[in-house]
Amino acid sequence: MTGSVALRGGSALLDGAWVATDIVIVDGVVVTEDGSRAVEVLDVTGLLVAPGLVDLQCNGAAGVDLRSDPEGIWEVSSALLRWGVTSWLPTIVTSTPDVIDRAQATLAAGPPSGWTGATPLGLHLEGPFLSPQAAGAHPIDLLRRPTVAAAARWTPDDGVSLVTIAPELDGALDVISALTARGVRVSVGHSQATAHEVDLAVQAGASSVTHLFNAMSPLHHREPGVAGAALANPHLTVGLIADGIHVDPRVVRIAERAVGDRLALVSDAVALLGTDGADATDGVRLPDGTLAGSVLPLVAAVRNLVSFSGCAPERALAA
């Protein structure tokens, strides 16, 4: 590999530590801009060099379940680097209110000394304002009616970046409006909404859909439901778990062609990711067979999207 590439405002592993610096790659060697230090790098001839991946929905990894151990955010962050993830949204599924409080406190306290890992961009609260009829693996007894008061501390300053909500619930549109006014993004998910109700949610500020086809009203030719609204509405970013289990590879191909650059691959990974118990052959399931997340590394989702849909690798990376 010959030639050079300049990366402004990047970081490099120099003398065993990550250092914020402008970087120049010259003939396969990384050097700081003044050329004073260098580390040898891998030959990537014939491969793609890409920015770090961003995972908008990850519930845990390396044995850490964020619902029971929200203080483990920094441990999961460190683990995610091995799969090319450099930014992520720690996802807190439906749980007791104190778990959200603990997750917020963990982010506010910052990483431990000497920490390196994927940067948390804020919490993704997947619940508790979800439909009992589309709860999936979420405990129904912990679901709550959406109120602005219950979401009072869900702000970017308090560490919340994204909230998944079922827009058909009484009070949901008021909560969506309040959250988006604060700068929190809202995603439609775990919902039995009609396409019209999704349109109302978009008018209130919702801008994405959580794990397309899973735990939502399906596409029907006379009632498009949440799935149909996601495919058709140009204002919605569409999350998708491309493990071939949550969504059949043929349907992934349909979704990729329909959604285009609105597609956002997510892992929906749980604590089993990166452990000896991880088995990707049938997903992670509850005793009754309900899917309860994946052991899918996000980089594998990128490869799967190329394999399932035939899209260009660059397009899959953008997702």
Side-chain angles (χ1 to χ4, degrees), residues 1-14 17-33 37-58 61-62 73-74 76-91 107 111 115-124 156 161-162 185 187 207-208 211 237-243 252 256 259-269 273-274 294 296-319:
M1 181 172 62
T2 61
S4 63
V5 178
L7 306 174
R8 304 299 182 191
S11 60
L13 187 63
L14 301 170
W18 285 98
V19 177
T21 178
D22 289 337
I23 305 165
V24 179
I25 303 175
V26 180
D27 294 337
V29 175
V30 173
V31 299
T32 56
E33 195 166 35
R37 293 193 288 180
V39 289
E40 189 175 349
V41 295
L42 294 173
D43 182 353
V44 295
T45 302
L47 303 178
L48 290 176
V49 178
L53 306 180
V54 182
D55 196 345
L56 303 179
Q57 187 176 3
C58 178
I73 285 173
W74 300 109
V76 176
S77 293
S78 294
L80 290 177
L81 281 182
R82 77 182 75 165
W83 298 292
V85 174
T86 55
S87 301
W88 70 302
L89 296 184
T91 302
L107 282 185
W115 170 87
T116 59
T119 302
L121 301 176
L123 301 174
H124 174 181
S161 292
L162 178 66
R185 292 189 176 262
S187 189
S207 57
S208 64
H211 47 48
T237 297
V238 180
L240 181 72
I241 308 168
D243 60 355
V252 171
E256 190 278 329
V259 172
D261 61 7
R262 295 187 290 116
L263 189 64
L265 294 174
V266 298
S267 71
D268 198 26
L273 174 63
S294 83
L296 176 77
L298 193 58
V299 68
V302 173
R303 297 189 186 103
N304 286 348
L305 185 61
V306 174
S307 174
F308 296 165
S309 74
C311 74
E314 295 83 355
R315 187 177 177 96
L317 282 166

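Count residues from 1 along the sequence. Any value given below was found using the heavy atoms of this structure, including those in side chains, with hydrogens, waters and symmetry copies removed.
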* Asked: Minimum heavy-atom separation for Gln57 to Thr91, with atom names?
  -> CA-OG1, 3.3 Å

* Asked: What are the two closest heavy atoms between Arg185 and Ser207, and how far apart are they?
  -> NH1-OG, 3.6 Å

* Asked: Heavy atoms, side chains only, cut-off 4.5 Å: are Pro90 and Val76 in contact?
  -> no

* Does some side-chain heavy atom of Leu81 sit less than 4.5 Å from a side-chain heavy atom of Thr86? -> yes

* **Under 3.5 Å side-chain donor-acceptor pair for Ser294 and Asp243** => no

* Do Ser309 side-chain atoms and Leu305 backbone N/O form a donor-acceptor pair below 3.5 Å? -> yes

* Asked: Is it the case that Thr237 and Ser208 place a side-chain donor and acceptor less than 3.5 Å from each other?
  -> no

* At their closest point, which heavy atom of Ala316 faces which heavy atom of Val306, and how far apart are they? -> CB-CG2, 3.6 Å

* Val85, Leu89, Val299, Leu265 screened by side-chain contact (heavy atoms from CB on, under 4.5 Å) with Asp55, the one that passes -> Val85

* **4.5 Å side-chain heavy-atom contact, Trp115 and Ser77** => yes

* Val54 side chain near Leu121 side chain, heavy-atom distance below 4.5 Å -> yes

* To do: Could you tell me the separation between the CG atom of Asp268 and the CG atom of Leu296, rounded to the nearest 0.5 Å?
  => 9.0 Å

* Asked: How far does OG of Ser187 sit from CG of Leu56, to the nearest 0.5 angstrom?
  -> 9.0 Å

* To do: To the nearest 0.5 Å, tell me how far Leu298 CG sits from Trp88 CH2.
  => 12.5 Å

* **Nearest heavy atoms of Leu80 and Cys58, plus distance in Å** => CD2-SG, 4.2 Å

* Asked: If you take all heavy atoms of Pro111 and Trp74, which pair is closest and at what distance?
  -> N-CZ2, 3.5 Å

* Asked: Side chains of Leu107 and Pro120: closer than 4.5 Å at any heavy-atom pair?
  -> yes

* Structure fact -> Between the OG atom in Ser161 and the CG atom in Leu123, the distance rounded to the nearest 0.5 Å is 7.0 Å

* Asked: Ignoring hydrogens and geometry, is there a side-chain-to-backbone donor-acceptor pair from Thr119 to Ser87 under 3.5 Å?
  -> no

